[in-house]
Amino acid sequence: MATTTDVQQSVTREQLVQHLNEDLAREYQAVIAYVVYSQVLKGAQYMNIAEELEKHAGEELSHALTIAKHIDYLGGMPGATPLPVKLTENAEEMLRADLQNENDTIRAYRQRVRECEAIGEYAIAEDIREILRQEQEHQVDLATALGEAPPDLTVR
Ligand SMILES: [Fe+2]
Ligand SMILES: [Fe+2]
């Protein structure tokens with residue numbers, strides 16, 4: 001029976017470029033969401049997380065630059081369109097939207113590391129591992145602010 005672990009991991013350079021452009025669209029989305037949410041989160045209980053979100057915004061920008069650099073290195077053209085950002089004035093909905101996006105991002109980058117390694121692009125894989133480490137920190141920050149344990153994203 002097919003499971004998620006059977007997802008094809010051998011990709012062409014063109015497919016890798018396409019997948020990295022999907023990652024870039026998520027990074028742009030993250031930059032925008034963190035810029036907006038960090039400024040509009042209201043309420044004493046959210047002040048610490050608002051400061052964290054402001055830091056995340058800068059980290060997401062640096063991820064976008066790294067991904068765009070590798071797309072260019074692979075002979076592709078970095079895209080310029082973010083995934084849509086949920087606009088809401090409800091603090092918990094903002095944190096939930098961010099957490100959902102971080103979960104999607106973590107799943108995607110775990111797959112991307114495998115794809116890069118399958119075609120011998122170890123340096124790109126290394127950079128994505130470092131991004132992945134920061135995305136997991138973001139995930140933990142958000143889950144903690146929501147009073148939850150970080151979700152288990154293990155692929156079985
Ligand atoms: Fe990121
Ligand atoms: Fe993130």
S.K.: So how far is it from Asp127 CG to Tyr73 OH, rounded to the nearest 0.5 Å?
M.R.: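 Those atoms lie 11.0 Å apart.
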
S.K.: Can you give me the closest heavy-atom contact between Asn21 and Met77, atom names plus distance?
M.R.: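 Residues Asn21 and Met77, closest heavy atoms: ND2-O, 3.1 Å.
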
S.K.: Could you tell me if the side chain of Tyr109 sits less than 4.5 Å from the side chain of Val113, heavy atoms only?
M.R.: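 Result no, sub-4.5 Å side-chain heavy-atom pair not found.
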
S.K.: Step by step, work out the side-chain hydrogen bond (donor to acceptor under 3.5 Å, both in side chains) result for Asn90 and Thr88.
M.R.: CA-CA 5 Å; Asn90 180 288; Thr88 168; 5.2 Å; no

S.K.: Could you tell me whether the side chain of Glu148 and the main chain of Ala143 form a donor-acceptor pair under 3.5 Å?
M.R.: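 No; judged by distance alone, with no hydrogens or angles, the pair does not exist.
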
S.K.: May I ask you to test the Glu59-His138 pair for a side-chain heavy-atom distance under 4.5 Å?
M.R.: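 Glu59 reaches His138 side chain to side chain.
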
S.K.: Quick check: do Ile128 and Thr66 have side-chain heavy atoms less than 4.5 Å from each other?
M.R.: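 Counting from C-beta outward, Ile128 and Thr66 never come under 4.5 Å.
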
S.K.: Just so I know, are the side chains of Glu54 and Tyr34 near enough to count as touching, which here means a heavy-atom distance under 4.5 Å?
M.R.: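 No, every pair of side-chain atoms sits at 4.5 Å or beyond.
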
S.K.: Indicate yes or no: does Arg96 engage Glu92 in a salt bridge with an N to O separation below 4.0 Å.
M.R.: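 Salt bridge flag = yes for Glu92 with Arg96.
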
S.K.: I'd like to know if Val35 and Leu61 are part of one continuous hydrophobic network [Ile/Leu/Val/Met/Phe/Trp/Tyr, side-chain heavy atoms within less than 4.5 Å].
M.R.: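 Shared cluster, yes.
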
S.K.: Salt bridge or not for Asp23 and Arg26, using N-O below 4.0 Å?
M.R.: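 Result for this pair is yes, salt bridge flagged.
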
S.K.: A quick test of your reading: do over 12 heavy atoms of other residues, nucleotides or ligands sit less than 6.0 Å from CD of Gln45?
M.R.: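 Above 12, so yes.
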
S.K.: Give the C-alpha distance, both sets of side-chain angles, the deciding distance and a yes or no for side-chain hydrogen bond (donor to acceptor under 3.5 Å, both in side chains) between Asn48 and Glu52.
M.R.: CA-CA 6 Å; Asn48 285 345; Glu52 286 300 318; over 6 Å; no

S.K.: So do Leu83 and Asn101 actually touch side chain to side chain, heavy atoms under 4.5 Å?
M.R.: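 No. Closest side-chain heavy atoms not under 4.5 Å.
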
S.K.: What closest approach, in Å, do Val31 and Ala57 show between heavy atoms, and which atom pair accounts for it?
M.R.: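 Taking Val31 first and Ala57 second, the nearest heavy atoms are CG2-O, 4.2 Å.
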
S.K.: For residues Gly76 and Val17, report the shortest heavy-atom separation together with the two atoms involved.
M.R.: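 Closest pair (atom of Gly76, atom of Val17, distance): CA-CG1, 3.9 Å.
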
S.K.: Please report the C-alpha distance between Glu121 and His70 in whole Å, then the side-chain angles of each, then the deciding distance to 0.1 Å, and finally whether the side-chain hydrogen bond (donor to acceptor under 3.5 Å, both in side chains) criterion is met.
M.R.: CA-CA 10 Å; Glu121 291 291 350; His70 289 308; over 6 Å; no

S.K.: When you compare the side chain of Glu27 with that of Ile131, does any pair of heavy atoms fall below 4.5 Å?
M.R.: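 SC-SC contact between Ile131 and Glu27 confirmed.
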
S.K.: Measuring from Glu137:CD to Leu132:CG, what's the distance to the nearest 0.5 Å?
M.R.: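 Reported to 0.5 Å precision, the distance equals 11.0 Å.
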
S.K.: Of the non-hydrogen atoms in Leu142 and Leu99, which two are nearest, and what is the gap between them?
M.R.: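 Minimum heavy-atom contact is CD1-N, 3.6 Å.
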
S.K.: What is the minimum heavy-atom distance between Arg133 and Glu130, and which atoms define it?
M.R.: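 Answer, listing the atom of Arg133 first, then Glu130: NH2-OE2, 2.9 Å.
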
S.K.: By the definition side-chain hydrogen bond (donor to acceptor under 3.5 Å, both in side chains), identify the one residue from His56, Gln136, Lys55 that meets it with Asp141.
M.R.: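 Looking at His56, Gln136, Lys55, the match for Asp141 under the side-chain hydrogen bond (donor to acceptor under 3.5 Å, both in side chains) is His56.
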
S.K.: Show, in sequence, the C-alpha distance, side-chain angles and deciding distance for His63 and Glu135, and conclude whether the side-chain hydrogen bond (donor to acceptor under 3.5 Å, both in side chains) test is met.
M.R.: CA-CA 10 Å; His63 300 167; Glu135 308 295 16; 3.0 Å; yes

S.K.: Looking only at heavy atoms, which two atoms of Gln15 and Ser10 are closest? And how far apart?
M.R.: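 Smallest heavy-atom distance, with atoms named: OE1-O, 4.4 Å.
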
S.K.: Within the structure provided, determine whether Glu89 and Val40 are in side-chain contact (heavy-atom separation under 4.5 Å).
M.R.: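 No, side chains not in contact.
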
S.K.: What I'd like to find out is whether the side chain of Ile119 reaches to under 4.5 Å of the side chain of Leu16, using heavy atoms alone.
M.R.: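 They are in contact (side-chain heavy atoms under 4.5 Å apart), so the answer is yes.
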
S.K.: Rounded to the nearest 0.5 Å, what separates atom CD1 in Ile106 from atom CD in Gln111?
M.R.: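 Ile106 atom CD1 to Gln111 atom CD measures 14.5 Å (nearest 0.5 Å).
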
